[in-house]
Colleague: 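Next up is a structure, given as structure tokens.
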Amino acid sequence: QVQLVESGGGLVQAGDSLRLSCAASGGTFNRYVMGWFRQGPGKEREFVAAISWSGSRTDYVDSVKGRFTISRDNAKNMVYLQMNSLKPEDTAVYYCAADNRYSLVRTSYVYDYWGQGTQVTVSS
């Protein structure tokens, strides 16, 4: 059983940056693909980014490419989402998720473990 706890959300202005963190415990962290998802008001949960076991492979939804960077520190059991040039449409609850497969997957239902989420609000 893997426990995930997100932190780092907040209220920022458009153009600002935030770094989300996700602390993992209870499993073999370096054998999980880690993903970030988000759910905006009145919207379905959507894929944001994913990173492979070693961190050598990443995947991003087109809307955040060039602005967001996913990274991980396996020694600390942490995964991060650096978010730059934030836009009001990035407003959402952001969730960290873990998947024990090898491939990077964008589909939320294949992820085995989820955090509680952290709110990110971007004002215009």
Side-chain angles (χ1 to χ4, degrees):
Q1 189 78 7
V2 176
Q3 292 80 43
L4 302 171
V5 179
E6 304 94 335
S7 61
L11 172 62
V12 297
Q13 293 186 333
D16 286 350
S17 298
L18 274 177
R19 188 176 83 153
L20 304 183
S21 299
C22 174
S25 61
T28 307
F29 182 71
N30 63 4
R31 285 296 179 262
Y32 285 91
V33 165
M34 298 301 297
W36 284 98
F37 290 77
R38 66 186 179 186
Q39 187 164 14
K43 298 181 181 179
E44 293 187 354
R45 189 171 299 188
E46 68 167 345
F47 169 81
V48 177
I51 189 166
S52 62
W53 297 355
S54 67
S56 61
R57 294 177 292 124
T58 58
D59 185 29
Y60 298 92
V61 68
D62 285 348
S63 59
V64 308
K65 282 181 180 177
R67 299 189 299 122
F68 290 12
T69 302
I70 188 171
S71 62
R72 66 190 296 162
D73 185 336
N74 287 343
K76 296 181 179 179
N77 287 5
M78 297 289 294
V79 63
Y80 306 99
L81 186 68
Q82 177 67 43
M83 305 186 295
N84 298 330
S85 302
L86 282 161
K87 304 176 181 180
E89 51 263 44
D90 295 318
T91 294
V93 177
Y94 283 72
Y95 298 91
C96 173
D99 172 21
N100 66 3
R101 294 165 181 81
Y102 179 75
S103 300
L104 301 185
V105 179
R106 296 187 173 198
T107 309
S108 61
Y109 66 77
V110 304
Y111 282 77
D112 304 291
Y113 304 102
W114 292 82
Q116 295 292 331
T118 185
Q119 176 70 48
V120 172
T121 302
V122 184
S123 64
S124 57

Colleague: State, yes or no, whether a side-chain contact exists between Phe68 and Val61 at a heavy-atom distance under 4.5 Å.
Modeller: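 No, every pair of side-chain atoms sits at 4.5 Å or beyond.
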Colleague: Got a donor-acceptor contact below 3.5 angstrom from the Glu6 side chain to the Gln116 backbone?
Modeller: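 Yes, because the side chain of Glu6 sits within donor-acceptor range (under 3.5 Å) of the backbone of Gln116.
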Colleague: Counting only N and O atoms by type, is there a donor-acceptor contact under 3.5 Å from the side chain of Asp112 to the main-chain atoms of Asn100?
Modeller: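 Pair found, side chain donor or acceptor close to backbone of Asn100.
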Colleague: When you compare the side chain of Val79 with that of Ile70, does any pair of heavy atoms fall below 4.5 Å?
Modeller: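 SC-SC contact between Ile70 and Val79 confirmed.
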Colleague: Would you mind reporting whether Ser52 and Leu104 have side-chain heavy atoms less than 4.5 Å apart?
Modeller: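 Yes, side chains in contact.
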Colleague: For the OG1 atom of Thr28 and the CG atom of Asn77, what is their distance to the nearest 0.5 Å?
Modeller: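 Nearest 0.5 Å value for the OG1-CG distance: 9.0 Å.
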Colleague: Using a strict cut-off of less than 4.0 Å between a Lys/Arg side-chain nitrogen and an Asp/Glu carboxylate oxygen, indicate whether Asp62 and Lys65 qualify as a salt bridge.
Modeller: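 Salt bridge: yes.
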Colleague: Identify the residue among Leu20, Val93, Leu81 that makes a side chain to side chain contact (heavy atoms under 4.5 Å, CB included) with Val120.
Modeller: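 So, applying the side chain to side chain contact (heavy atoms under 4.5 Å, CB included) to Val120 and each of Leu20, Val93, Leu81, only Leu20 qualifies.
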Colleague: Which heavy atom of Phe29 sits nearest to which heavy atom of Met78, and what is that distance?
Modeller: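 Scanning both residues, the minimum pair turns out to be CZ-O, 3.6 Å.
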Colleague: With a 3.5 Å distance limit and no angle check, can you tell me whether Arg45 reaches the backbone of Tyr95 through a side-chain donor-acceptor pair?
Modeller: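 Absent.
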Colleague: Would you please classify the geometry between the Trp53 ring and the Tyr102 ring as parallel, tilted or perpendicular, with 30° and 60° separating the classes?
Modeller: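 Answer is perpendicular, since the angle exceeds 60°.
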Colleague: Are any of the side-chain heavy atoms of Cys22 and Tyr80 separated by less than 4.5 Å?
Modeller: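 Result no, sub-4.5 Å side-chain heavy-atom pair not found.
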Colleague: Are any side-chain N or O atoms of Arg67 and backbone N or O atoms of Ser85, one a donor and one an acceptor, separated by less than 3.5 Å?
Modeller: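 A pair under 3.5 Å: yes.
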Colleague: Could you check whether the rings of Phe37 and Tyr111 sit parallel, tilted or perpendicular, using 30° and 60° as the cut-offs?
Modeller: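 Ring orientation of Phe37 relative to Tyr111: perpendicular.
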Colleague: Could you grab the distance from atom OH of Tyr60 to atom OG1 of Thr69, nearest 0.5 Å is fine?
Modeller: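 So the gap between those two atoms works out to 4.5 Å.
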